[in-house]
Amino acid sequence: LCTWGHGSRGELGLSTMTSGGTLAPPTMVEVESLRGRSLRSVSCGKFFTAILTAGSGEVYTFGDLHGRDGTPLGPRVVSQLRGEPVATVACGSVHIVALTEAGFVYSWGSGIYGRLGHGN
């Protein structure tokens, strides 16, 4: 996986963040837990990125997504989806939606204007 652009909030998945108007050049994102695995898809939000692995259907996120543990650097698996192979993942500007292979839909992030579909 190669990422580039503004990385001031960890959205590039690199171990460092860019500052000001600095653009990061295309850079390989290496994640030990993903070594040797294929990726199925990548989706980007405003300040974060989600990746979906092929085969196991695990979702990893990095960057500044509302509700993260306050640590924006480094791709981390979405532990709430473990055991639920994901078929596809999509990012809005401030939210993520995942469709599992079993047909269940999960959403998280900012629910303003009802975008998460949680009824609030």
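Since the structure is predicted, the reported quantities are computational estimates derived from the model, not experimental observations.
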Smallest heavy-atom separation, S93 atom then R115 atom, equals OG-NH1, 3.7 Å
To the nearest 0.5 Å, what is the distance between CG on L39 and CD on E58? 11.0 Å
Here the gap from E84 atom CD to R82 atom CZ, rounded to the nearest 0.5 Å, amounts to 13.5 Å
Heavy-atom closest contact (V94 atom, F48 atom, distance): CA-CE2, 3.9 Å
When T53, V78, V42 are each screened for side chain to side chain contact (heavy atoms under 4.5 Å, CB included) with Y60, the one that passes is T53
To the closest 0.5 Å, what do you measure between CD1 (I51) and OG (S43)? 11.5 Å
Are L99 and L81 joined in one hydrophobic group, where the rule is that I, L, V, M, F, W and Y side chains link up if heavy atoms are under 4.5 Å apart? no
Donor-acceptor under 3.5 Å (R40 side chain, A87 main chain): yes
Determine the minimum heavy-atom distance between V97 and V105, stating which atoms define it. CG1-CG1, 3.7 Å
For V59 and V86, which heavy atoms make the closest approach, and how far apart are they? CG2-CG2, 3.8 Å
Given side chains that start at C-beta, do those of I96 and V89 come closer than 4.5 Å, heavy atoms only? yes
Smallest heavy-atom separation, G45 atom then C91 atom, equals N-CB, 3.7 Å
Mind listing the closest non-hydrogen atom pair of H95 and S110 along with its distance? CB-O, 3.9 Å
